Amino acid sequence: MTDLAPPRATSTSSGVAPPRTAIVLGVVGFALLVLPLVSLTLRTPWTRVGELITDPVVLQALRLSLVSSLAALVVSVVLGVPLALVFARYDFPGKPFVRALAVLPMVLPPVVGGVGLLAAFGRRGLVGQPLAEATGITLPFTSAAVVIAATFVAMPFLIVTVEAGLRMVDPRLEDAAATLGADRWTILRRVVLPALWPSLAAGMALCWARALGEFGATITFAGNLPGRTQTMPLAVYLELERNPEAAYLISFLLLAVSVAVLVALRDRFLRTT
Amino acid sequence: MSEVDRDPAPRADGPRDGVTAGAGGGPRGAGDPPAAGGDGLSVDLGLRLGALELEVAIDAAPGEVVAVLGPNGAGKTTLLRAIAGLLPIERGRIAIGGRVVEDAAAGVRVTPQQRSVGVVFQQHLLFGHLSALENVAFGLRARGVPRREARGRARDWLGRVGLGGEVQTKPGALSGGQAQRVALARALATDPALLLLDEPLAALDVDTRRAVRQQLRRHLDDFAGPVLLITHEPLEAINLADRLVILEQGHVVQDAPPAVVARRPRSAWAARLVGLNHYRGRADGHELTLASGATLAVADAADRPGDVLVAIHPRAVALFPSQPEGTPRNTWRATIDALDIHDDQVRVHLDGPIPIVAQITASALAELALTEGSTLWVAVKATEIEHWPV
């Protein structure tokens, strides 16, 4: 965590040192951000980890979270990368509007997303009702719903990151590949995706972290059924009443994952210059 | 072709007026009649892109190197992209090696992949994640050549451009000159019917440029198909090409061997390029009347009265402190506007009835004690004035 050290007392190489009041307010702001994380780490029952982690509720939540967030990541890559390609490489009428809709879940309250998912895929939903009538499949309150909810909130992070990455890939490289005889698929596979890899990796990390932490849309659309739809964040919320130590442990695990993602993306987000 | 005046190709007559042209290695296809619709390249196209309106007709015979020269924004790169198939044309026809690859009227449009065109781009545009070998093998692999064979041929090509030792190097670790040579090998490895070079030396520093140019010349000599070289460097064009096409504002203003362009440039831009004083005027017998109203006496009379272009080499412009007596028939008073000093040569920009640039030696500068603003006499012999009908 040394990367997140408090502001230094000396001014940086350029500009004038900020006024004293700003420094004080900044320190207060930093404390507000960091104190909960430090407290959580301190309150985690380290001596009882072995016993808590084998608690069926914790284990189930752990497994479900891992599987569903990775599934959401796969769905996001399979659907999100093509969408990013379309956004980065094609112009069509109304594109800014369409793009805004696609990334709206990033700023939408997740619970609203959950309600929307119910309206679409619920038993009486726009798509859910015909689907249930035709196949008997109902999505809400299933593990599939967990994946859908996580994908809904997390995929936009992948889309924006990959799209930004695509814009940095020189389109003339694709021209060069075309004159060398490469078809579109070969160009995508052998020129664009390799050049895109750092952005794709960053987008995947962000997407996975967001999927792992998903709460609002999940509890609304998928419910809170242990073993089926109760992911780690949901378990934390429930266990806080019943078994606070387990809640602390799960929370710490999620914190550790977040730190790991941040460290993996340090070149992107922790660069200070 | 109607709007293009093609100067006759001089066969044996070398460069005149002390202007170097195509020194070393005689022109290859320059004497051959251009193969319109033959085995070479035949382009006659029109397209609009933003403010640019491109209307170009160019032919290049197999083995011929044609340089397309022009100022920035003239449409050189757009032309190259159109020929490569990266940009659709709105009018006309493109044929490569006798095969029509695009015909706007007939609705024919062959994709870039199927055109068999090798392109060397200005900033090499190598694939950064692939080794030099994989870059050169890329086109062969894309065309279905088995991996082993593609690598073998790519290795050969890297050897030919003198980079046999850099097979596994990634483009980021290559110098600019090396990267451009890999790009050349990559373009040639697919054995294209046409080679397009877009300012291949522009991104290189001066010393590297000289070395890569020599090598490029060798490879262009070996290449059997037509070559189109885009550049804004006149010496590069004169050194590498058999024929120059001057492109300005989307139109061909001159299409001629380098020696002809150097002696009789058809536009002010081209004249500046080869360092000539350039005027438009009217010829009548031994007298030229320039657009400014000033007159010049010339030695060789015009065949018939009419509009002409006039060129005077700066070395033919003599300067005197007072009005010269005797032979020179064209003299006038002028004021020094600016002095450009390069090594031991000085270019004197003169203001007067006929604005002109004189080239003198540094010792002449000292003897005449010239400074900006000083007044002197300009003399140009009638025999030193080149003029030809528009």
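These numbers come from a predicted model, not from an experiment. The chains referred to below are lettered A, B, ... by the order of the sequence lines, with proteins before strands, and numbering in each begins at 1. What's counted below: heavy atoms across the whole structure, side chains too, no hydrogens, waters or symmetry copies.
Panel note: side chain B/His129, backbone A/Arg190; a donor-acceptor pair is recorded below 3.5 Å. Under a 3.5 Å cut-off, the side chain of B/Arg143 and the backbone N or O of A/Leu180 do form a donor-acceptor pair.
Residue contact with chain A, scored on non-hydrogen atoms closer than 4.5 Å, involves the backbone and the side chain of B/Arg186 alike. Residue A/Asp170 touches chain B through its side chain alone, counting heavy-atom pairs closer than 4.5 Å. With a 4.5 angstrom heavy-atom cutoff, B/Leu125 touches chain A via backbone and side-chain atoms both. Proximity to chain A (any heavy atom under 4.5 Å) is restricted, for B/Gln123, to the side chain, taken from C-beta onward. Proximity to chain A (any heavy atom under 4.5 Å) is shown, for B/Leu196, by neither the backbone nor the side chain.
For the atom pair CZ of B/Phe138 and CD1 of A/Ile187, the computed distance is 7.0 Å after rounding to the nearest 0.5 Å. Atom CZ of B/Arg115 sits about 11.5 Å away from atom OG1 of A/Thr179, to the nearest 0.5 Å. Taking NE2 of B/His124 as the start and CG of A/Leu173 as the end, the distance is 9.5 Å to the nearest 0.5 Å.
A/Asp175 and B/Phe121 make their closest contact through C-CZ, 4.4 Å (heavy atoms, listed as atom of the first residue, atom of the second, distance).
Within 6.0 Å of the CZ atom in B/Arg48, the count of heavy atoms belonging to other residues, nucleotides or ligands does not exceed 12. Under a cut-off of 6.0 angstrom, the local environment of CG in A/Leu126 is sparse, with at most 12 non-hydrogen atoms contributed by other residues, nucleotides or ligands.
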Legend entry - side chain to side chain contact (heavy atoms under 4.5 Å, CB included) between B/Leu86 and A/Arg172, intermediate numbers included: CA-CA 10 Å; B/Leu86 299 169; A/Arg172 293 176 312 163; over 6 Å; no
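In terms of heavy-atom pairs under 4.5 angstrom with chain A, the leader among B/Arg81, B/Arg141, B/Glu134 is B/Arg81.
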